[in-house]
Amino acid sequence: MKRLATLVVLAVACLLAPTHAHAQLLLFDYVGFDYEDPDLTPSVFGAPGDGYVGIGEVPVLSAPLSSNPALNQYTYVITGLIATAQNTVGPFVVTSYTSPGTLTIYEDPISTGTAFDYGVTPPNASAPSSFNDGTAILIGELRNFTFIFNTATNSGSYEAEYEVVGGSQYVAIPANQRSGWTFSGVTRNTTSIPSGYAHQADGQTFLDAPTPAQNRSWGSLKRSYR
């Protein structure tokens with residue numbers, strides 16, 4: 001119960017704290033949507049046995065990673081996370097997931113590749129297939145993934161440990177910097193969520209203590225869903 005209370009406090013801090021720039025600690029920034037597959041209990045998000053899937057774009061890749069957004073689109077896919085337990089503390093619903101899950105970033109040429117398309121009611125003909133059809137430039141494992149949702153505000157946060165384990169740019173990351181990353185973000189329920197998706201997701205991955213995700217509108221992001 002002590003760990004659960006601590007997680008709730010951290011969630012509130014993440015949602016309310018101001019944003020500070022620590023660009024030197026940033027590995028990548030991402031925005032997208034999540035859904036459940038398998039979804040054994042459609043009426044409850046995060047019910048034990050349900051799978052968490054996240055897809056979206058990666059507008060920022062920081063050194064030592066390299067990118068060329070003028071020529072390529074960068075997308076991410078989160079898979080392999082299965083809910084194992086769910087607890088409620090006041091308005092907060094805390095869901096724990098199996099370890100490890102996988103977060104992979106893909107690079108796809110704009111001129112010859114497939115433009116990503118969320119579609120509706122995933123998985124569908126374009127999602128996640130239009131998000132994972134490029135070159136896997138970074139493959140990482142997510143451990144201790146915890147999702148905290150505030151039922152009073154329809155917003156939430158999540159956090160996990162991230163370790164780089166593969167991808168075409170794996171060798172660019174020094175061996176002593178491949179583990180110890182913090183993957184975190186916030187979610188919201190908004191009218192811009194495509195049908196069949198659960199939340200809008202917005203976050204970053206940092207080597208040090210994570211900078212809280214900005215409370216920015218979906219319209220301010222680089223692209224809206226297609």
Side-chain angles (χ1 to χ4, degrees), residues 1 3-8 10-11 14 28 30-56 58 75-89 92-106 118-133 136 138-151 154-167 179-189 193-205 210 213:
M1 183 58 70
R3 169 176 163 75
L4 186 58
T6 301
L7 288 171
V8 171
L10 290 174
C14 180
F28 60 85
Y30 63 92
V31 292
F33 298 106
D34 61 19
Y35 63 94
E36 293 191 299
D37 183 32
D39 190 3
L40 305 181
T41 311
S43 61
V44 179
F45 183 87
D50 288 354
Y52 181 91
V53 180
I55 60 175
V58 184
T75 55
Y76 75 91
V77 177
I78 298 173
T79 59
L81 295 169
I82 303 295
T84 57
Q86 193 168 74
N87 297 280
T88 301
V89 179
F92 296 97
V93 179
V94 182
T95 305
S96 301
Y97 289 82
T98 55
S99 295
T102 302
L103 188 158
T104 304
I105 296 176
Y106 296 88
Y118 291 101
V120 297
T121 316
N124 54 48
S126 60
S129 61
S130 65
F131 293 83
N132 61 14
D133 60 343
L138 196 70
I139 302 171
E141 292 185 342
L142 295 170
R143 294 184 175 85
N144 299 317
F145 184 86
T146 302
F147 191 107
I148 303 175
F149 191 75
N150 186 339
T151 57
N154 281 329
S155 62
S157 66
Y158 51 87
E159 185 173 288
E161 301 160 12
Y162 185 76
E163 179 180 358
V164 179
V165 297
S179 62
W181 297 91
T182 297
F183 168 83
S184 66
V186 295
T187 68
R188 300 173 192 85
N189 286 335
I193 297 177
S195 177
Y197 289 86
H199 312 101
Q200 169 197 327
D202 181 0
Q204 308 93 16
T205 294

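Not measured: the values here are computed from a predicted model.
Under the rule for a ring-ring contact (aromatic ring centres under 6.0 Å, His included), the partners of Phe131 that lie at least two apart in sequence or sit in another chain are Phe116, Tyr118. With sequence neighbours excluded, the residues satisfying side chain to side chain contact (heavy atoms under 4.5 Å, CB included) with Ile139 are Thr102, Thr104, Ala136, Val165. Contacts of Phe183 classified as ring-ring contact (aromatic ring centres under 6.0 Å, His included), with partners at least two apart in sequence or in another chain: Tyr30, Tyr158.
Among residue pairs with one or both ends in residues 138-148, those qualifying as salt bridge (charged side-chain N to carboxylate O under 4.0 Å, His left out) are Glu141-Arg143, Arg143-Glu163; sequence neighbours excluded. Residue pairs meeting the side-chain hydrogen bond (donor to acceptor under 3.5 Å, both in side chains) criterion with at least one member in residues 123-132, sequence neighbours excluded: Asn124-Ser126.
In this structure, the separation between OG on Ser155 and CG on Asn150 is 5.0 Å, given to the nearest 0.5 Å. Separation of atoms CZ (Phe92) and CG (Asn87) is listed at 14.0 Å; rounding is to 0.5 Å. From Asp202, atom CG reaches atom OG of Ser184 across 10.0 Å, with rounding to the nearest 0.5 Å. Put simply, OH on Tyr97 and OG1 on Thr146 are 9.5 Å apart, with the number rounded to the nearest 0.5 Å. Atom OG of Ser96 is separated from atom CZ of Phe147 by 12.5 Å, given to the nearest 0.5 angstrom. Here the straight-line distance linking atom CG of Leu142 with atom OG1 of Thr205 works out to 8.0 Å at 0.5 Å rounding.
Residues Leu103 and Phe28 come closest through the heavy atom pair CD2-CZ, 3.9 Å. The shortest non-hydrogen separation linking Ala201 to Tyr76 is CB-OH, 4.3 Å. Contact record, Pro123 with Pro128: CB-CD, 4.1 Å, taken as the closest heavy-atom pair. When all heavy atoms are compared, the tightest approach of Gly196 to Tyr35 is O-CB, 4.0 Å. The minimum heavy-atom distance linking Thr98 with Gly80 is given by the pair OG1-O, 3.6 Å.
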Enumerate donor-acceptor pairs with a distance under 3.5 Å from any side-chain N or O in residues 40-54 to protein atoms, sequence neighbours excluded.
residue : atom : partner : partner atom : Å
Asp50   : OD1  : Leu40   : N            : 2.7
Asp50   : OD1  : Thr41   : N            : 3.3
Tyr52   : OH   : Asp34   : OD2          : 2.9

(message) Would Thr95 and Gln86 count as a side chain to side chain donor-acceptor pair (under 3.5 Å) here? Give the steps.
(response) CA-CA 4 Å; Thr95 305; Gln86 193 168 74; 2.9 Å; yes

(request) Might you work through the side-chain contact (heavy atoms from CB on, under 4.5 Å) test for Val120 and Tyr197, ending with a clear yes or no? (result) CA-CA 7 Å; Val120 297; Tyr197 289 86; 5.8 Å; no

